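Heads up: the structure comes next, in structure tokens.
It should be emphasised that the depicted structure is a prediction, and the values quoted were computed from it without experimental measurement. Hydrogens, waters and symmetry mates play no part in the numbers below; they use all other heavy atoms, side chains included.
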Amino acid sequence: VQLQASGGGLVQAGGSLRLSCAASGRTLSRYVMGWFRQAPGNEREFVGSISQSGVTTYYADSVKGRFTISRDNAKNTVYLQMNSLKPEDTAVYYCAARPGVVSAGERGYDYWGQGTLVTVSS
């Protein structure tokens, strides 16, 4: 499956952005979807994940209550709604897909998108 993340940009602290991850090649409904981010000089970190049905989600503590993952399997797209953005949310955001049961963490993701840059100014 090929993944294409989009929606990044420059936003002021306190603002919102919605990232999209569009899939092609295979139906997205087969996969657990995850969002990850990598800030300059830092390792890539888990942001959140969503089950194939969209019923179950997991979030990193740093984004819990501010970010929401959703999916539209009919459109083969997953979203990351980011509210109350902080400068420390600045990073390249990646979406990824894997089979299996949804959980937190980075393990087992087979397919990765190219990333979209989010910059939050103070």
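Of all heavy-atom pairs between M33 and A97, the closest is SD-CB, 3.4 Å. Scanning all heavy atoms of the two residues, the minimum distance from Q38 to N42 falls at NE2-O, 3.0 Å.
Residue pairs meeting the side-chain hydrogen bond (donor to acceptor under 3.5 Å, both in side chains) criterion with at least one partner in residues 108-122, sequence neighbours excluded, are absent.
Partners of F46 according to the ring-ring contact (aromatic ring centres under 6.0 Å, His included) rule, which considers only residues two or more places apart in sequence or in another chain, are F36.
For the atom pair D72 CG and S29 OG, the distance stands at 11.0 Å (nearest 0.5 Å). For the atom pair CZ of R71 and SG of C21, the computed distance is 9.5 Å after rounding to the nearest 0.5 Å. We find the OG1-OH distance between T68 and Y59 to be 4.5 Å, quoted to the nearest 0.5 Å. Here the straight-line distance linking atom OG of S49 with atom CD1 of I69 works out to 6.0 Å at 0.5 Å rounding. Rounding to the nearest 0.5 angstrom, the gap separating the CG atom in L19 from the OG1 atom in T77 is 12.5 Å.
A donor atom on one side chain and an acceptor atom on the other are not found under 3.5 Å apart for S70 and R18.
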CA sep, side-chain torsions, deciding dist, call: D89, K86, salt bridge (Lys or Arg N to Asp or Glu O under 4.0 Å)
CA-CA 5 Å; D89 294 319; K86 304 175 181 180; over 6 Å; no
Show me, pair by pair, the donor-acceptor contacts under 3.5 angstrom made by side chains of residues 4-17, not counting sequence neighbours?
from, atom 1, to, atom 2, distance (Å)
S16, OG, N83, OD1, 2.9

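Under the 4.5 Å side-chain heavy-atom criterion for Ile, Leu, Val, Met, Phe, Trp and Tyr, V47 and V32 are members of distinct hydrophobic clusters. Note on Y94 and I50: separate hydrophobic clusters, where clusters join Ile, Leu, Val, Met, Phe, Trp and Tyr whose side-chain heavy atoms are under 4.5 Å apart, directly or indirectly.
Side-chain N or O atoms of R66 include one that pairs as donor or acceptor with a backbone N or O of S84 at under 3.5 Å. Judged by distance alone, the side chain of N73 and the main-chain N or O of Q52 form a donor-acceptor pair under 3.5 Å. With hydrogens and angles disregarded, a donor-acceptor distance shorter than 3.5 Å links the side chain of T90 to the backbone of V120.
When the options R98, R37, R44 are evaluated for a salt bridge (Lys or Arg N to Asp or Glu O under 4.0 Å) with E106, the one that passes is R44.
Considering only heavy atoms from C-beta on, L3 comes within 4.5 Å of L28 through its side chain. Looking at V1 and R30, their side chains never come closer than 4.5 Å, going by heavy atoms from C-beta outward. Residues V78 and W35 meet the side-chain proximity criterion, which asks for heavy atoms closer than 4.5 Å.
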